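Working notes, beginning with the structure itself.
Just so we're clear, the structure is a prediction, and the values are computed from it rather than from any experiment. Residue numbers begin at 1 in each chain, while the letters A, B, ... track the order of the sequences.
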Amino acid sequence: MSTVLAAESVIKRFRRRTVLNSAGLWAREGSVTVIFGRNGAGKTTLLRVAVGLAGADAGVVIYRGERYRRPRLATLAVGGLFFIPERGLLAAWFTLREHFRLLARTTRDARIDDAITTFGLETLLDRRPNSFSTGERRRAEVGLAMARGPRCLVADEPLQSLAPLDADLVIAGLRQLASGGAAIIVSGHEVHPLMDVADDVLWLHDGRTRALGRPSRASEDDEFRRAYLGPAA
Amino acid sequence: MLGLPPRWALALAARSLLLWAGARGLLLMAGVAFGIPQGIAVAAVVAVLAAHDTRILREGIFLANLGFSSLAPAAAAGAAALLVEMIAAFTL
């Protein structure tokens, strides 16, 4: 499996605090990589650096073989990357149908009908995103990502605050994209569903990334259990 | 506007326009009522617009995901602000 997206040796400081200290991430073709880390560990910052929404003090982003010191999301998106941020992707003034319409204009072979059916979006199409519940919003966002047919999907905490049924739909969508060859990387704290969908686990701890391997290996890692999963794991 | 579909550009610009005009109006009233120096008033407007720009750029993530320049929403906001400033300069 080839690496589609990688961020390497990323250093990011906020004033005097170093949040990322030679951290990295990668997403491989046809697989789901999950990145765990405690609140404030820098997961969101690392993802935003990787997709070009935040600058880093040092480090490099490699997308489909191209190296970028400071990529731009629009450039990566032309190459097939899609990013779902933690705090919402959708524009408040436009209905979901208008989002899909714009996506259709800019995407060759957009799979809009499939996405609408898979994520049960029919009843949301003529509503504006600010009237969506958290679960509806997330389903809509993953539906848009699926309709776009990305080569690489980066999603920041896609399962946050979701009901189990909505989380299952989102997980199924991620798995479906990966089985179609997309490289997926997601962050989150929902250990069980994310471990179930993961092919590869990363752990962001003390500003660095540790590659824990497959979920079965990750859950046996003593330090990961002690410092992240906690005693109940 | 940098390849942004007109309806989207107009919507973003209209929103910026409303906010900028609102902030400008409030500050003018505050300035008249409390004698706030012009420099502080301008700084406050700039701060409000900067916060709003951040929000617009966040919403622009959807557009950037489709390959539109992430500068497009900022450009829309900037154009709207400029328009209000020009109107204000001629009418106040």
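For chain B, no part of Glu141(A) is nearby; none of its heavy atoms comes within less than 4.5 Å. The contact between Leu144(A) and chain B is made entirely by side chain atoms (from C-beta outward), counting heavy-atom distances below 4.5 Å.
Of all non-hydrogen atoms in Ala77(A) and Gly67(B), the two that sit nearest each other are CB-N, 4.0 Å.
Shown here is Arg175(A), whose CZ atom has more than 12 heavy atoms of other residues, nucleotides or ligands within 6.0 Å. Within 6.0 Å of CZ in Arg151(A) there are 12 or fewer heavy atoms belonging to other residues, nucleotides or ligands. Atom CG of Asp109(A) sits in a sparse spot, with 12 or fewer heavy atoms from other residues, nucleotides or ligands closer than 6.0 Å. Counting heavy atoms of neighbouring residues, nucleotides and ligands inside a 6.0 Å radius, atom CZ of Arg70(A) exceeds 12 of them.
The distance from atom CZ of Phe62(B) to atom CZ of Phe83(A), rounded to the nearest 0.5 Å, is 14.5 Å. Separation of atoms CD1 (Ile61(B)) and CZ (Arg48(A)) is listed at 5.0 Å; rounding is to 0.5 Å.
Counting heavy-atom pairs under 4.5 Å between each of Leu76(A), Leu81(A), Leu102(A), Thr106(A) and chain B puts Leu102(A) at the top.
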